[in-house]
Each structure stands twice: as structure tokens, then as C-alpha cells.
Amino acid sequence: MGIITNDVYNFIYIGVIILGGITLPLTLILQLKERDKFHRALMLFTGAIFVYMMTDFVTYYLIGETVSADVKFAMITVSDIFFCALTLAWMYLIVVLISAEEVIKFKYLVIVTVVYLLVSQVLSISLGRYSTYSMYLVVEEGTGSVLLQWVNVLYVVAVIIFCLVSTLHVGKTTTSTKAQWLKMLMILSLMIYMFYVAIWDYVTWFKPEEKLINIYALDPMLILYALLSAAVIFYFYKKDPLKLTGAQVATEDAIKAVVSKYGLTDREADVLELINMGKGNLQIASELGISENTVKRHVNNIFKKTETQSRHEIIFKISNVTKIDI
């Protein structure tokens, strides 16, 4: 194989997929416990990587020449679809992680990705991309061929531009060095993978087919996925959503942690404390000496900032604070 033997590569790839399969239910548990945008985005991202890696491995490495051209075509098309789904999940996680929902409209990222997928697939089919004898790109020379190359290049460039915009946003909004590096690593990982995709596209057009498997063996997704899986396992251990280590904290400290994490005001903190005690709006208004309408406004602000929709959810969030949050 040149760079790495088939058996070793097979072992590494399967090992990374198994590790990723462990992280997937962990992110699901975290989402069920936390019920916020970040953990939902993390769950979608790990799920998208797992499905893409499974499909990609089967498509480009396992099936070889043992199946018909129609099956190859179907598998490669499915792999392309999951690649786009992964890219979207990756960008969504970054948008949520850097709190850029107002600056970067995710719906436009979806539109660009869907248009790219449709145009590239239509061009690939019309140009005879998949031949009976080859697993890889077989396209005749001509205007359509050049157009397909440019469609691929433009999408990679669009994602890299997204990364650059995200980087600028992090520089302007993040003051903590530790948080800044964490966000930058997530953005940088996407940029690295996009450069690899560009190299892969180049090789499939201009290099002999026997060279492709060597480029495929250099897929940075293996390293990125392994590091992500290890980070998620460590984060799950520290977060301890199942309370396996009994890292309980006092209610007062838990409320302070929620107030600090979501940037609640002093008055909202007072309201939150009374909500946690099970008191209704009228009782809260009486104790704090404010109107019931003012209480309702504070409650709605608390729901909005903590990404919850009910008193039950916010109390649930308080009860699940651990020492790692303080």
C-alpha cells in the first residue's frame, strides 16, 4: 500500500470507529441531562462523524471491486451526502460554541451545502463519474468536467471562509485564553479537513488511481475523530451526568453556578432561588416586593438565557450541577 499496510490501516480505522461508537451514547446522555444548544450540537456532530466514518470506510476501503457498479455508485453517493451532513454538523457546533448565531446565519450554510450537494451530484451523474471498472472518479474532459471541479473548489473555499469569519468572531468576543484556544482548535480542525478534501479532489482528477489509497490513508479525520472521542470521554467523566462519583454540591452553590454560567442578573438570581424553592409568581412578587408582571419578565429572561422552557427544566438544571461547574 506504500504508506501503511492494509491490515494496519484496517485495524486503526476500526479502532477509531469503535472509540467513536462509545462517545455517541455519552453525548446523548449529556444532551438528555443538560438539554441545551451546545450539548445538542455536540451530539449531532459526534453522530454525523460516526455515520460518515462508517459509510466512508465501507465505500472506499472494504467493498473494493466485489460489488456491482450500481452498488458502488449508491455507496459513493451516500458517502457524499453524509460528508455534507458532517460538514453542516461541524459548522453548527462551531456557531453554537462561539455564540455566533446572530452573526452567522446557519440557514444560509444549509442552503449553500444543499445546493453544492445537488449540483455536484447532478454533474457527476451526467458526466459518468462512476464507471463499472473503477471505484474512483472517471469523468470525460470538457466544460462539464471543469464546472464540477470548480463546484468542489468553491464549496471548500466557502467553508474555509466560514472558518475565517468564525476566527475573527472569537478574537472579538472571547476574553478567556483557555476558552479562546478551545474554540480555535475546533475551527482549525475543520479548516485542516477542508484542505485534505481539496487535496483528495485534486488527486482524484489528476493522479493515477493506484495513488488514491495512499492519500486516503492520510485522512486527518482519523486523528481528529480519535482526539474528539477522547476529549468527549474525559468531559463526560468530569461532568458526571449520571452522578457516578457522587460529586454533589450544595443548592446555594448550584444556583450560583447557574447564575454565573448563564450571566443572570442579581434580581434574576433572586427569582431563580425562589423558583427552585417551588414558589409561584405571586409568592415571588410578594417576597421580593415587585409586581407579578415584573416577576414574569424575570422568569422569561431566565428561561431565555438558560435555554429552558419551564420551571421543571430550570430546576432540573440546578439539580444536575456538579463540582466541575463551580
Side-chain angles (χ1 to χ4, degrees), residues 8-62 78-79 81-99 106 159 163 166 178-179 181-194 196-197 216-247 261 307 316-317 320-325:
V8 172
Y9 183 73
N10 184 48
F11 176 78
I12 294 173
Y13 210 125
I14 292 176
V16 172
I17 290 176
I18 291 174
L19 184 62
I22 295 172
T23 64
L24 189 55
L26 299 186
T27 57
L28 176 59
I29 293 172
L30 286 167
Q31 165 58 13
L32 292 174
K33 288 291 184 179
E34 297 296 328
R35 302 182 185 182
D36 58 16
K37 287 182 180 179
F38 169 70
H39 289 92
R40 179 171 63 247
L42 182 62
M43 179 188 67
L44 292 174
F45 180 50
T46 55
I49 295 183
F50 181 76
V51 174
Y52 171 70
M53 292 285 282
M54 288 286 292
T55 306
D56 200 51
F57 182 58
V58 171
T59 301
Y60 288 101
Y61 187 72
L62 286 186
V78 170
S79 181
I81 292 172
F82 285 134
F83 162 75
C84 290
L86 167 59
T87 305
L88 278 176
W90 209 328
M91 290 191 288
Y92 177 65
L93 177 59
I94 291 174
V95 169
V96 172
L97 183 63
I98 68 176
S99 302
F106 185 69
V159 176
C163 292
S166 300
K178 182 178 180 180
W181 274 107
L182 176 63
K183 295 172 182 178
M184 289 302 300
L185 282 174
M186 183 60 68
I187 297 170
L188 181 62
S189 64
L190 178 56
M191 290 185 69
I192 290 173
Y193 193 64
M194 283 299 107
Y196 166 76
V197 169
Y216 187 62
L218 295 174
D219 191 344
M221 183 59 75
L222 281 173
I223 298 176
L224 295 175
Y225 194 23
L227 293 175
L228 172 70
S229 299
V232 169
I233 292 173
F234 178 76
Y235 176 69
F236 184 88
Y237 169 75
K238 287 293 185 179
K239 195 73 174 175
D240 194 19
L242 300 179
K243 299 296 183 292
L244 298 176
T245 61
K261 179 178 180 179
E307 299 175 1
F316 182 84
K317 209 176 264 288
N320 279 275
V321 170
T322 61
K323 290 180 180 179
I324 190 65
D325 298 309

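- Rounding to the nearest 0.5 Å gives a distance of 11.0 Å between OG1 of T23 and CZ of F236.
- Once rounded to the nearest 0.5 Å, the distance linking CE of M186 with SG of C163 reads 11.0 Å.
- The side chain to side chain contact (heavy atoms under 4.5 Å, CB included) with W90 is formed by just one residue from the set V95, L224, V159, I187; it is L224.
- Considering every non-hydrogen atom in both H39 and Y235, the closest pair reads NE2-OH, 2.8 Å.
- Using a 4.5 Å cut-off on side-chain heavy atoms (C-beta onward), V96 and R40 make no contact.
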| said: For a side-chain contact (heavy atoms from CB on, under 4.5 Å) check, start with the C-alpha distance between F83 and T55, then their side-chain angles and the critical distance, and finish with the verdict. | reply: CA-CA 10 Å; F83 162 75; T55 306; over 6 Å; no
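- Separation of atoms CD1 (I22) and CD1 (I17) is listed at 12.5 Å; rounding is to 0.5 Å.
- Between V16 and Y225 the shortest heavy-atom distance is CG1-CD2, 3.6 Å.
- In this structure, OG on S166 lies 10.0 Å from CE on M191, to the nearest 0.5 angstrom.
- Note: L188 CG to I94 CD1 = 10.0 Å, rounded to the nearest 0.5 Å.
- L86 places a side-chain heavy atom less than 4.5 Å from the side chain of M221.
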Side-chain donor-acceptor distances from residues 42-54 under 3.5 Å, at least two apart:
unit_1: T46; atom_1: OG1; unit_2: T27; atom_2: OG1; d: 3.0
unit_1: T46; atom_1: OG1; unit_2: L42; atom_2: O; d: 3.1
unit_1: T46; atom_1: OG1; unit_2: M43; atom_2: O; d: 3.0
unit_1: Y52; atom_1: OH; unit_2: Y193; atom_2: OH; d: 3.0

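- Residue L19 comes nearest to S229 through the heavy atom pair CG-CB, 3.5 Å, listed as atom of the first residue, atom of the second, then distance.
- In this structure, L222 CG and L227 CG are separated by 11.0 Å, a value rounded to the nearest 0.5 Å.
- Under a cut-off of 6.0 angstrom, the local environment of CD1 in I233 is crowded, with over 12 non-hydrogen atoms contributed by other residues, nucleotides or ligands.
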